[in-house]
Amino acid sequence: MNTILILGGSGFIGANLSEYFSQKDIKIINFSRSPTKIKHENIINVCGDCKDITALNSIFETYKIDVVIHSLTSFTVMDTIDSCQGLLSTNLSAFIDLVNLAKKHNVNKLVYISSGGAIYGIADAPIKETHEISPVSFYGWMKEACERYLEFAARLEPKFNYLILRPANVYGKYQKIERIIGVALFNAIQGNPMNIYGDIHTQKDYIHIDDFCEITEKLIKSSKWNEVYNIGSGVGTSTKDILKYAQLIVGKSLSIKYFDQKTGDVSYNILDIDKMKNDINKYEFISVETGMRDMYDYVCKITHSD
């Protein structure tokens, strides 16, 4: 594995993967709308639109790509959708074009970062990869559609291999301060009120970005292709616990305002990660409290730079 093409290498997960792999003497081609914030001699930025087939084709012609990682989504589960046409073009049609271009250039290893929450829908027990796919949001449906296309592409071309990663709630450095862990830390630092949507006892699975990057590398190296993996800690952490850790780490109290749960969100989401643990022999994960202490340094840094 010498060269990895990352679609969306300027985003949260993509930037961390770029940093992680580049430090292991692997060349990274970041194809994104803007350059990644990560500075390293092994990272090459190619700026463009994911729908630009000509630009993508040029990348495959210019560089000998060994693995493609798709880490690009133009919207979130909570975004209000006025029109589906643009979202379908960017998140589904462009993905299909990418897969076909990779096959055309004999790049037969593609890692798709899907969703370990939105794609499953509602559950009340730890979720296995074999759980029924039943998204309750357009975001989840889009992830499902991309997964189905990968399976279809592999049926048509047996030498084409894919990995589908279904991550839990990933958090850590380079993440926008709009998810609960970053927001809780930021609001505690700033003395802002904390808005909570839904039940404070909601249990969800959280995984630190460092664990996510390590797992991604190990799965690629394991050569267990054409598989689906839940990527999480397998442990539920409540919203109440996150608020407690934020106040403990920052040393300040949070005032909390409660609102109704947002449409498309789920109240329980813990992943069964036995398959992943057994296949790559990883059994230890960064705890949420430890991970939040690490993210606290990042939140302080960007807070003071603004």
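Bear in mind that the values here come from a model prediction, so they are computed numbers and not experimental data. The analysis underlying the following values was restricted to heavy atoms, covering all of them including side chains, and did not include hydrogens, waters or symmetry mates.
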Exam field: side chain [X] to backbone [Y], donor-acceptor pair closer than 3.5 Å:
X      : Y      : answer
Gln190 : Thr303 : no
Asn108 : Asn161 : no
Ser22  : Ser18  : yes
Asn16  : Phe12  : yes
Asp205 : Leu271 : yes
Ser10  : Thr36  : yes
Lys275 : Asn230 : no
Asn195 : Lys257 : no
Gln247 : Leu243 : yes
Asn187 : Asn192 : no

To the nearest 0.5 Å, tell me how far [X] [atom1] sits from [Y] [atom2].
X      : Y      : atom1 : atom2 : result
Ile215 : Ile231 : CD1   : CD1   : 5.0 Å
Lys252 : Leu185 : NZ    : CG    : 12.0 Å
Phe186 : Glu178 : CZ    : CD    : 12.5 Å
Cys50  : Asn91  : SG    : CG    : 7.0 Å
His208 : Asn169 : NE2   : CG    : 14.0 Å
Ser114 : Leu163 : OG    : CG    : 12.5 Å

Checking side chain to side chain contact (heavy atoms under 4.5 Å, CB included) for the pair Ile242/Lys240: CA distance, chi angles, key distance, verdict?
CA-CA 6 Å; Ile242 290 172; Lys240 182 179 180 180; over 6 Å; no

Asn42 and Lys24: CA distance, side-chain angles, deciding distance, side-chain hydrogen bond (donor to acceptor under 3.5 Å, both in side chains) verdict:
CA-CA 9 Å; Asn42 290 334; Lys24 293 178 174 287; over 6 Å; no

Tell me, please, whether Tyr63 has Lys27 positioned over its six-membered ring: NZ or CZ under 6.0 Å from the ring centre and within 45 degrees of its axis?
no

Would Lys282 pass as a cation-pi partner of Phe285, given that its NZ or CZ must be under 6.0 Å from the six-membered ring centre and within 45 degrees of the axis?
yes

Give the other cluster members for Phe259, using side-chain heavy-atom distances under 4.5 Å between Ile, Leu, Val, Met, Phe, Trp and Tyr residues; answer none if it is isolated.
Tyr197

Quick one: do the [X] and [Y] side chains pair a donor with an acceptor below 3.5 Å?
X      : Y      : answer
His131 : Asp272 : no
Asn57  : Thr54  : no
Tyr120 : Arg166 : yes

Just say parallel, tilted or perpendicular for the rings of Phe138 and Trp141, cut-offs at 30° and 60°.
parallel

Whether His70 and Tyr112 hold their rings parallel, tilted or perpendicular, with breakpoints at 30° and 60°:
tilted

Would you say the side chain of [Y] lies within less than 4.5 Å of the side chain of [X], judging by non-hydrogen atoms?
X      : Y      : value
Lys221 : Ile280 : no
Ile29  : Ile4   : no
Asn45  : Ser32  : no

Check against side chain to side chain contact (heavy atoms under 4.5 Å, CB included), Met194 and Val183:
CA-CA 8 Å; Met194 185 74 193; Val183 172; 3.8 Å; yes

Is any NZ, NE, NH1 or NH2 atom of the basic residue among [X] and [Y] found under 4.0 Å from an Asp or Glu carboxylate oxygen of the other?
X      : Y      : answer
Glu289 : Lys244 : no
Asp49  : Arg33  : yes
Glu227 : Lys224 : no
Lys218 : Asp279 : no
Lys173 : Asp210 : yes

All side-chain contact (heavy atoms from CB on, under 4.5 Å) counterparts of Lys37, not counting sequence neighbours
Tyr174, Tyr298

Check the surroundings of atom [atom1] in [X]: do more than 12 heavy atoms from other residues, nucleotides or ligands lie under 6.0 Å from it?
X      : atom1 : result
Asn278 : CG    : yes
Glu132 : CD    : no
Asp260 : CG    : no
Lys103 : NZ    : yes
Lys128 : NZ    : no
Ile122 : CD1   : no

Going by the side-chain contact (heavy atoms from CB on, under 4.5 Å) test, name the single residue among Met142, Lys143, Glu144 that passes it with Ser115.
Lys143

Name the one of Leu56, Thr62, Ile59, Leu5 that satisfies side-chain contact (heavy atoms from CB on, under 4.5 Å) with Val46?
Ile59

Can you see which heavy atom on Cys300 is nearest to which on Ile189, and at what distance?
SG-CD1, 3.8 Å

Contact summary for Ser71 and Gly14, nearest pair of heavy atoms:
OG-N, 3.5 Å

Can you check side chain to side chain contact (heavy atoms under 4.5 Å, CB included) on Ile209 and Tyr171, steps first, answer last?
CA-CA 6 Å; Ile209 188 63; Tyr171 68 97; over 6 Å; no

For the hydrophobic clusters of this structure (ILVMFWY residues joined by side-chain heavy atoms under 4.5 Å, transitively), does one cluster hold both [X] and [Y]?
X      : Y      : value
Ile200 : Tyr268 : no
Ile270 : Val170 : no
Leu248 : Val250 : no
Val99  : Leu101 : yes
Leu219 : Ile286 : no

Show the numbers, then the answer: is there a side-chain hydrogen bond (donor to acceptor under 3.5 Å, both in side chains) between Asp241 and Tyr206?
CA-CA 12 Å; Asp241 284 335; Tyr206 295 87; over 6 Å; no

Determine, stepwise, if the pair Tyr229 / Glu129 fulfils side-chain hydrogen bond (donor to acceptor under 3.5 Å, both in side chains).
CA-CA 7 Å; Tyr229 287 95; Glu129 291 87 350; over 6 Å; no

Which is it for Thr3 and Ile26 under the side chain to side chain contact (heavy atoms under 4.5 Å, CB included) test, yes or no, and what are the steps along the way?
CA-CA 6 Å; Thr3 303; Ile26 294 171; 5.9 Å; no

